[in-house]
Amino acid sequence: MNTSKRSIIVIIYLMMTISFRGAFAGTGTGANDDISNMGNNTSAKVGLALSGGGARGIAHIGVIIALEENNIPIDLIAGTSMGSIVGGLYAAGYSGSEMQRLVNEIDWVGLFNQSPDPALVLVSKRYGMMEPIVRLRFKMWDIYLPYGMNNGQRISETLFHLTAPANFAARTDFDSLVVPFRATAVDVASAELLFLKRGDLAQAIHASMAIPMLFSPARVDDRMLVDGGVLNILPTDVTKEMGADIIIACDLEGLFPLGQEPKHFADVAIHTLDITIRELKKGNVKLADILIEPDLGDHSSSDYSGLDSLIRLGYEATMSQMDNIKSLVPESLRRRKEPKRQLDQELINRARIDYIKVKGNDRVRLPVITGEFAMNEGDVFNLDMALHGVKKIYATGLFENVWLEPEYLADDLVGVNIHVIEKYPRTIGFGLNYRSEEGTGGFVQIVHFNFFGWGERFMPLLRVGDLYKRAGLEIVNDRFFATPLTVHNGIYYERESPYIYDADGNKTGNLEMDRVVAQFSVGVQPNSKLMFTTGLRGERVWLGRNQYLDLNSQTLENWNAFGQILFDNTDDRYFPNHGVRLVLNGESIVEFKPAAKPYTKIFGELNWHFPVGRATISLNIFAGASTDGLPIYEQFRFGGPFRVPGYHRNELWSNEAQRAALGVRFKFFKIWHFIVGASSTSMDGGKSFINGLTAGVVAATPVGPIRLVYGRADDNREQVYFSLGYDF
């Protein structure tokens with residue numbers, strides 16, 4: 001089923017398209033009558049019109065390959081939606097075979113992922129906020145509803161990388177590309193159908209393929225534009241307007257077969273929309289001298305697999321009409337020796353930057369944006385560095401979209417326009433999880449960011465659960481005044497009631513603890529992967545009486561100095577396939593009240609992940625030690641499926657511990673993972689070792705990971721663990 005037809009506002013879409021069918025359906029003049037009289041006319045122009053169709057549009061590449069192999073010139077090209085992508089790349093100088101290579105190299109899953117590149121997100125942000133199931137965004141008190149399910153950021157970045165050199169060399173005039181080109185788009189405010197012919201080629205293509213509801217509209221010259229297929233799915237009229245004498249059209253829109261009755265309400269909506277599309281394009285179909293309609297079966301417009309098969313079907317459909325095509329395209333045109341226009345694709349990388357302007361920012365201060373761009377006025381432009389800068393700006397989390405428009409000033413001079421669309425600055429996140437033995441937990445976290453324009457975050461938090469409760473406020477600035485410095489301050493109250501177990505694993509009660517904490521820290525992040533932090537933490541702790549632990553009620557007060565080194569270049573928080581995460585911590589009491597004792601505590605943990613075939617190998621090493629006087633609530637806690645399998649979660653407490661584990665994860669059925677692992681843990685000065693084995697399944701779901709894991713220790717302790725939701 002076509003993805004665009006799944007829209008819940010399909011009726012609105014339908015009404016809009018019907019209301020304009022008379023204005024934009026085309027002239028209906030029929031095929032050109034004078035083609036057969038061209039003879040040896042070498043000035044006649046062949047135009048190619050490419051329809052939309054989502055993933056089905058990949059078949060357009062096969063059409064182009066067939067035309068190229070048979071020396072059929074393509075003098076003009078116009079495209080809608082996926083047709084604009086294929087047409088735009090061809091106009092930028094890519095041959096059919098080069099496009100086939102490109103589409104097979106593209107990570108299509110990653111292309112439709114709107115999350116920032118994890119390698120560019122600052123480590124202070126990767127773990128600084130709780131992971132919610134639902135996050136609502138507000139501007140003042142107005143709730144933000146997105147314009148589409150996907151903001152198209154990764155698509156925009158990819159298109160920019162592929163087209164910017166040609167677009168600059170063509171001086172941002174689409175008529176000066178290797179082949180003159182037009183992209184169709186619709187202004188959703190004015191209902192105007194546009195044939196984009198100059199400006200930023202990547203943004204024009206982005207606008208043409210912005211399927212309503214599926215993708216957010218693209219901004220072009222302060223217009224909000226969506227998929228041209230809303231009003232013109234097959235732009236033969238555009239090629240005719242461009243001056244084509246012979247029009248070859250390829251139509252890949254998967255419409256329902258005529259005569260087939262709908263089976264349910266969704267079918268009724270889809271069939272009704274298809275009727276409208278057929279009506280809208282009738283006139284444009286008549287304009288085509290050759291209409292190519294590859295039989296792609298039921299290949300979905302959202303299925304980006306089997307791309308070579310789609311290309312082959314497009315090729316075969318074109319070859320089946322090659323005799324007709326050659327009869328319409330005189331041999332004189334096919335023998336025409338006039339070479340394609342050549343563009344200096346390296347011109348942009350030799351141009352010097354005359355200016356850098358930021359457009360679209362309201363509250364975010366300029367240094368926050370330009371500080372991530374890594375190039376300055378006077379530098380020689382570098383396409384890869386520019387794209388990296390766009391990705392870094394987007395990774396700040398302050399913007400819905402970021403894109404670049406290099407402006408041609410001279411062959412050796414370029415102006416850089418950085419466009420941004422700011423996010424609404426207030427969010428409320430709601431989280432929920434369940435852990436066997438620990439019960440249910442939830443939280444509400446408000447994040448108000450960019451209050452002063454420097455990207456700072458004010459984060460009130462309320463967390464509740466069977467064993468843990470917390471309320472507090474954190475104030476964080478990841479790039480303090482756009483410098484590498486980071487500041488993290490907070491104050492919170494927490495109540496913790498962890499279970500206490502005897503030597504046989506039986507519950508004996510809970511340790512009751514209340515704590516008020518104030519924390520002040522400053523750090524430096526020389527890059528996105530590394531952070532050094534130092535700070536001071538003051539706390540007042542109330543411990544309840546516990547007979548099993550021989551612990552009387554007491555109140556402790558102290559000030560701790562602490563430091564941390566954090567390095568993280570993993571590619572995913574929950575299911576990393578490669579990378580290293582290293583955390584080194586140290587803390588020491590600098591002032592204490594009676595009943596508290598001085599102590600020093602140091603610990604570190606290494607997680608290393610690397611792929612081997614279809615599996616991911618993970619190595620975990622932990623080591624921690626402390627001096628005498630470590631209070632019980634600061635002891636290291638172990639137990640659970642990944643920290644001493646076979647034992648209850650947090651069952652084992654100790655002043656020092658070492659642990660090593662090796663795990664293997666296999667992915668199957670898209671979201672499911674099978675995991676196996678072995679571990680060895682030493683506590684109490686190495687007097688004893690606990691070895692364990694783990695096996696289970698994990699699924700990545702929209703509400704967080706689901707885990708069902710069995711763990712067994714070598715002392716015959718065993719446990720089954722179940723959890724649902726993100727960790728917090």
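Numbers here are sequence positions counted from 1. Every heavy atom of this structure was used, including side-chain atoms; hydrogens, water molecules and symmetry mates were not.
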Engineer: Where do Ser115 and Asn113 come nearest, in terms of heavy atoms and distance?
Structural biologist: N-OD1, 2.9 Å
Engineer: Ignoring hydrogens and geometry beyond distance, is a side-chain donor-acceptor pair present between Asn489 and Gln519 at under 3.5 Å?
Structural biologist: no
Engineer: Counting only heavy atoms not in Phe668, do more than 12 sit closer than 6.0 Å to its CZ atom?
Structural biologist: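 Atom CZ in Phe668 is packed in, count exceeds 12.
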Engineer: Look at atom CD of Gln547 and say whether more than 12 heavy atoms of other residues, nucleotides or ligands are closer to it than 6.0 Å.
Structural biologist: no
Engineer: What do you reckon, is OH of Tyr147 surrounded by more than 12 foreign heavy atoms closer than 6.0 Å?
Structural biologist: no
Engineer: Does the side chain of Val703 reach to within under 4.5 Å of the side chain of Leu432, using non-hydrogen atoms?
Structural biologist: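 Val703 does not reach Leu432 side chain to side chain.
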Engineer: Below 4.5 Å, heavy atoms only, C-beta onward: do Phe430 and Ile133 meet side chain to side chain?
Structural biologist: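 No. Closest side-chain heavy atoms not under 4.5 Å.
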Engineer: Just checking, any donor-acceptor pair under 3.5 angstrom between side chains of Ser436 and Arg649?
Structural biologist: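 Yes, because at least one side-chain N or O of Ser436 sits under 3.5 Å from a partner of the opposite role on Arg649.
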Engineer: Looking at Lys391 and Glu372, is there a salt bridge between them, counting it only when a charged N and a carboxylate O are closer than 4.0 Å?
Structural biologist: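 No, Glu372 and Lys391 are not salt-bridged.
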Engineer: Taking all heavy atoms of His673 and all of Ile671, pick out the closest pair and write down the distance.
Structural biologist: CD2-O, 3.4 Å
Engineer: Please confirm whether the backbone N or O of Ile690 pairs with a side-chain atom of Asp714, one donor and one acceptor, at under 3.5 Å?
Structural biologist: no
Engineer: Less than 3.5 Å apart, any donor N or O on the side chain of Asn620 or Glu605 sitting next to an acceptor on the other?
Structural biologist: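 Looking only at side-chain atoms, Glu605 and Asn620 do form a donor-acceptor pair, the distance falling under 3.5 Å.
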Engineer: Just by modelled atom types, is the Val364 backbone N or O under 3.5 Å from a matching donor or acceptor in the Glu422 side chain?
Structural biologist: yes
Engineer: Quick one about Gln525 and Ser124 (side-chain donor to acceptor, distance below 3.5 Å, no hydrogens or angles considered), yes or no?
Structural biologist: yes
Engineer: Please name the residue in the list Phe399, Phe138, Tyr144 that meets the ring pair (Phe, Tyr, Trp, His ring centres under 6.0 Å) test with Tyr424.
Structural biologist: Tyr144
Engineer: Answer yes when Arg457 and Asp478 have at least one side-chain N-carboxylate O distance shorter than 4.0 Å, and no when they do not.
Structural biologist: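 Yes.
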Engineer: Does His299 offer a backbone N or O that forms a donor-acceptor pair with the side chain of Arg56 under 3.5 Å?
Structural biologist: yes
Engineer: Hey, mind stepping through Phe666 and Arg614 against side-chain contact (heavy atoms from CB on, under 4.5 Å) and telling me if it holds?
Structural biologist: CA-CA 7 Å; Phe666 302 89; Arg614 299 182 62 182; 5.9 Å; no
Engineer: How long is the gap from CD on Gln153 to OG1 on Thr158, to the nearest 0.5 Å?
Structural biologist: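 Spacing of CD (Gln153) from OG1 (Thr158) equals 10.0 Å.
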Engineer: Closest approach of Ile602 and Gly586, non-hydrogen atoms and distance?
Structural biologist: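 The pair with the smallest heavy-atom distance is CG2-CA, 4.1 Å.
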Engineer: If we count only N and O atoms by modelled type, under 3.5 Å, do the side chains of Tyr493 and Asp514 hold a donor and an acceptor together?
Structural biologist: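 Checked: Tyr493/Asp514 side chains pair up, N/O donor to acceptor below 3.5 Å.
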Engineer: Can you measure from OG1 (Thr396) to CZ (Phe449) and round to the nearest 0.5 angstrom?
Structural biologist: 9.0 Å
Engineer: Does Val644 offer a backbone N or O that forms a donor-acceptor pair with the side chain of Ser679 under 3.5 Å?
Structural biologist: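 Such a contact is absent between Ser679 side chain and Val644 backbone.
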Engineer: Should Thr681 and Leu652 count as side-chain neighbours, where that means a heavy-atom distance under 4.5 Å?
Structural biologist: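 No, too far: nothing below the 4.5 Å cut-off.
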Engineer: For Asp727 and Tyr574, run side-chain contact (heavy atoms from CB on, under 4.5 Å): C-alpha distance rounded to whole Å, both residues' side-chain angles, the deciding distance at 0.1 Å, then the answer.
Structural biologist: CA-CA 9 Å; Asp727 297 329; Tyr574 289 97; 3.8 Å; yes
Engineer: Evaluate the side-chain contact (heavy atoms from CB on, under 4.5 Å) criterion for residues Tyr394 and Leu120: first the C-alpha distance (whole Å), next the side-chain angles of each, then the deciding distance (0.1 Å), finally the verdict.
Structural biologist: CA-CA 9 Å; Tyr394 183 65; Leu120 299 179; over 6 Å; no
Engineer: Ignoring hydrogens and geometry, is there a side-chain-to-backbone donor-acceptor pair from Thr486 to Asn477 under 3.5 Å?
Structural biologist: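 Checked: pair present.
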Engineer: Run the numbers on Glu456 and Asn450 for side-chain hydrogen bond (donor to acceptor under 3.5 Å, both in side chains), then give the verdict.
Structural biologist: CA-CA 5 Å; Glu456 60 285 324; Asn450 202 40; over 6 Å; no
Engineer: Show your working on salt bridge (Lys or Arg N to Asp or Glu O under 4.0 Å) between Glu512 and Arg495 and close with a plain yes or no.
Structural biologist: CA-CA 8 Å; Glu512 301 293 344; Arg495 178 173 179 81; 3.1 Å; yes
Engineer: Check whether any side-chain N or O of Ser680 sits under 3.5 Å from a backbone N or O of Ala660 as a donor-acceptor pair, and report yes or no.
Structural biologist: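 Judged by distance alone, no pair lies under 3.5 Å.
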Engineer: If you define the side chain from C-beta out and look only at heavy atoms, does anything of Val580 sit under 4.5 Å from Asn569?
Structural biologist: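 Side-chain contact under 4.5 Å: yes.
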Engineer: Would Arg717 pass as a cation-pi partner of Tyr647, given that its NZ or CZ must be under 6.0 Å from the six-membered ring centre and within 45 degrees of the axis?
Structural biologist: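 Arg717 over Tyr647 ring: yes.
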Engineer: Nearest heavy-atom pair of Ala210 and Phe215: which atoms, and what distance?
Structural biologist: CA-CB, 3.9 Å
Engineer: Working to the nearest 0.5 angstrom, can you tell me the gap between Tyr633 OH and Glu496 CD?
Structural biologist: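 Here the rounded value is 11.5 Å.
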Engineer: So does Trp108 have more than 12 non-hydrogen atoms from other groups sitting under 6.0 Å from CH2?
Structural biologist: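 Yes, because the 6.0 Å sphere around CH2 of Trp108 holds more than 12 heavy atoms from other groups.
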Engineer: Any luck finding a side-chain donor-acceptor pair between Asn577 and Arg665 under 3.5 Å?
Structural biologist: yes
Engineer: Whether Arg573 and Asp568 form a salt bridge (side-chain N of Lys/Arg under 4.0 Å from carboxylate O of Asp/Glu) is what I want to check.
Structural biologist: no
Engineer: Against the six-membered ring of Phe636, is Lys601 placed for a cation-pi contact (under 6.0 Å from the centre, within 45° of the normal)?
Structural biologist: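 Output yes; distance and angle both within limits.
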Engineer: In terms of the angle between their ring planes, are Tyr501 and His648 parallel, tilted or perpendicular, with boundaries placed at 30° and 60°?
Structural biologist: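 Answer is parallel, since the angle falls under 30°.
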Engineer: Is there a donor-acceptor pair under 3.5 Å between the side chain of Thr508 and the backbone N or O of Ile500?
Structural biologist: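 Yes, Thr508 side chain to Ile500 backbone: donor-acceptor pair under 3.5 Å.
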Engineer: Judged by atom type as modelled, is there a donor-acceptor pair below 3.5 Å linking the side chain of Arg479 to the main-chain atoms of Gly455?
Structural biologist: no
Engineer: Check whether any side-chain heavy atom of Phe722 sits under 4.5 Å from a side-chain heavy atom of Ile706, and report yes or no.
Structural biologist: yes
Engineer: Mind listing the closest non-hydrogen atom pair of Pro118 and Asp571 along with its distance?
Structural biologist: CG-O, 3.3 Å
Engineer: What I'd like to find out is whether the side chain of Thr570 reaches to under 4.5 Å of the side chain of Arg126, using heavy atoms alone.
Structural biologist: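 A side-chain contact exists here, since the closest heavy-atom pair is under 4.5 Å.
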Engineer: Assess Arg470 against Tyr492: is NZ or CZ under 6.0 Å from the centre of the six-membered ring, and within 45 degrees of the ring's axis?
Structural biologist: yes
Engineer: Between Asn560 and Tyr599, is there a side-chain donor-acceptor contact under 3.5 Å, judged purely by atom types and distance?
Structural biologist: yes
Engineer: Just so I know, are the side chains of Tyr468 and Arg463 near enough to count as touching, which here means a heavy-atom distance under 4.5 Å?
Structural biologist: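 SC-SC contact between Tyr468 and Arg463 confirmed.
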Engineer: Quick check against the 3.5 Å criterion: does Thr694 have a side-chain atom that pairs as donor or acceptor with the backbone of Pro641?
Structural biologist: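 Flag set: sc Thr694 to bb Pro641 pair under 3.5 Å.
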Engineer: Going from CG on Leu122 to CG on Leu530, what distance comes out if it is rounded to the nearest 0.5 angstrom?
Structural biologist: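 One gets 11.5 Å once the value is rounded to the nearest 0.5 Å.
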Engineer: If you round to the nearest 0.5 Å, how far is OH of Tyr726 from CZ of Phe728?
Structural biologist: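 Answer rounded to 0.5 Å: 11.5 Å.
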Engineer: Over all heavy atoms of both residues, which pair between Arg363 and Phe451 is shortest? Give the atoms and the distance, please.
Structural biologist: NH2-O, 2.5 Å
Engineer: With side-chain contact (heavy atoms from CB on, under 4.5 Å) as the criterion, how do Leu566 and Thr533 come out once you've worked through the C-alpha distance, each side chain's angles and the decisive distance to 0.1 Å?
Structural biologist: CA-CA 8 Å; Leu566 172 60; Thr533 305; over 6 Å; no
Engineer: Would you find more than 12 non-hydrogen atoms of other residues, nucleotides or ligands less than 6.0 Å from Asp550 atom CG?
Structural biologist: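 At most 12 heavy atoms, drawn from other residues, nucleotides or ligands, come within 6.0 Å of this atom.
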Engineer: Does any N or O in the side chain of Asn401 come within less than 3.5 Å of the main-chain N or O of Gly152, such that one atom is a donor and the other an acceptor?
Structural biologist: no
Engineer: Do Ile491 and Val517 touch side chain to side chain, with heavy atoms closer than 4.5 Å?
Structural biologist: no
Engineer: Return the NZ to CZ distance between Lys529 and Arg581, rounded to the nearest 0.5 Å.
Structural biologist: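 One finds 15.0 Å between NZ of Lys529 and CZ of Arg581.
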